[in-house]
Amino acid sequence: MAIPALVALSGGILAAVWTPSHPTRSMIQHFAAGVVLAALAVELLPEIEREHAPGLVLAGSFALGSLFMYGLKLWTLKMEHTAKLAGTATGLSTGLLLATFIDVATDGFIIGAGFAAGGETGTILALGLSVELLFLGLAMTSAATKGWRIIGISGALGVTVLVFSMLGNLLLSGASHAVIGGTLAFSAAALLYLVTEELLMEAHEVEEKPISTLVLFGGFLAFWSIQLIGR
């Protein structure tokens, strides 16, 4: 559980010394999207099946996860609009920062749920989401948010993901198959949102190069290969 926290801090340190170009950031986001898709397809969905939770619980939990992430998206857009009206769009507004912490707390709870489910699920999810956390600092870097400040924010995000990972594991340890399965289904919706509405949407804001598709598949293959080697 400590791995994502340390990776988040590393992302802040990286952002303090390096600001990638938009094409480079797009490549990174494609790779991260491939890794998260692999975590979803290779580990999370099979684990949900192994829980044998009622279908209605799984469908309802997935729908709830979709609505939660949709609501978070609307709130973030509202915060961005408010920041633009206030003339503070060049920095990181309090609303956007709070939304980011909620997103990271959700990631942490997902990791905790994976450890509560047993097997390799927690470790696989921790490694997959660590890729997102590594480059989260780069996404938050701006003229007003850089240097030691971005390191401090990334460190706080790391603490958040660790605390909520432990909380998720504590609350769900010994829970019924229906509860574990429902939580993982909620998590699947959150991860799908992360890929389609955050990583790839932002990656496509710049002119996409054909090699970007190969980078996405490379991310998927890299994660899957680690899982296959570990068997």
Side-chain angles (χ1 to χ4, degrees), residues 1-36 39 72-73 75-77 79-80 82-84 86-112 115 122-123 125-169 190-191 193-195 197-203 205-206 215 219 222-223:
M1 292 182 192
I3 291 176
L6 295 174
V7 169
L9 177 59
S10 301
I13 296 173
L14 179 63
V17 299
W18 177 56
T19 302
S21 63
H22 289 296
T24 301
R25 185 177 297 181
S26 177
M27 291 290 185
I28 292 170
Q29 288 168 326
H30 275 86
F31 185 85
V35 170
V36 176
L72 186 60
K73 174 74 171 182
W75 185 36
T76 302
L77 290 175
M79 294 301 102
E80 289 177 348
T82 302
K84 288 180 180 178
T88 59
T90 55
L92 192 63
S93 70
T94 302
L96 284 174
L97 189 60
L98 183 58
T100 301
F101 271 91
I102 292 175
D103 189 15
V104 169
T106 303
D107 290 346
F109 201 83
I110 289 172
I111 294 170
F115 278 106
T123 303
L125 290 175
L127 293 175
L129 290 171
S130 290
V131 178
E132 175 207 359
L133 293 169
L134 177 62
F135 299 107
L136 186 59
L138 297 176
M140 294 190 299
T141 303
S142 67
T145 308
K146 57 184 179 180
W148 285 106
R149 187 181 181 192
I150 199 68
I151 294 177
I153 292 174
S154 298
L157 290 173
V159 172
T160 299
V161 74
L162 177 60
V163 169
F164 276 85
S165 295
M166 297 173 66
L167 181 63
N169 185 41
L191 289 179
Y193 166 86
L194 169 65
V195 172
E197 293 297 323
E198 287 191 4
L199 293 174
L200 292 182
M201 284 284 286
E202 292 179 8
E205 289 180 357
V206 299
V215 173
F223 187 89

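Bear in mind the structure is a predicted one, so any value in this text is a computation, not a measurement.
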(request) Could you pull out all residues at least two apart from Phe115 that satisfy side-chain contact (heavy atoms from CB on, under 4.5 Å)? (result) Met1, Ile111, Thr123, Asn169
(request) Find out whether Phe109 and Thr106 are in side-chain contact, i.e. whether some heavy atom of one side chain is under 4.5 Å from a heavy atom of the other. (result) no
(message) Just verifying a value: how many Å separate Ile151 CD1 and Ile13 CD1, rounded to the nearest 0.5 Å?
(response) 5.5 Å
(request) Nearest 0.5 Å please: distance from the CG atom of Leu125 over to the CG atom of Leu191. (result) 6.5 Å
(request) Could you tell me which residues satisfy side-chain contact (heavy atoms from CB on, under 4.5 Å) with Leu6, sequence neighbours excluded, listed by chain and number? (result) none
(message) Among residues at least two apart in sequence or on other chains, which ones pass side-chain contact (heavy atoms from CB on, under 4.5 Å) with Ser130?
(response) Ile3, Pro4, Val7
(message) Any non-hydrogen side-chain atom of Phe164 less than 4.5 Å from a side-chain atom of Val159?
(response) no
(request) State, to 0.1 Å, how close Val215 and His30 come at their nearest heavy-atom pair, and which atoms those are. (result) CG1-CB, 4.2 Å
(message) Between Ser154 (side chain only) and Leu9 (backbone N and O only), is there a donor and an acceptor less than 3.5 Å apart?
(response) no
(request) State the CD1-OG1 distance between Ile102 and Thr160, to the nearest 0.5 angstrom. (result) 11.0 Å
(request) Apply side-chain contact (heavy atoms from CB on, under 4.5 Å) to Phe223 and list each qualifying residue two or more places apart in sequence or on a separate chain. (result) Val35, Ala38, Ala39, Ile124, Leu127
(message) For Ile150 versus Gly12, what's the shortest heavy-atom pair and its separation?
(response) CG2-O, 3.6 Å
(request) Search all heavy atoms of Ala190 against all heavy atoms of Ile110 and return the closest pair with its distance. (result) CB-CD1, 3.8 Å
(message) Would you compute the distance between atom CG of Leu157 and atom CZ of Phe101 and round it to the nearest 0.5 angstrom?
(response) 4.0 Å
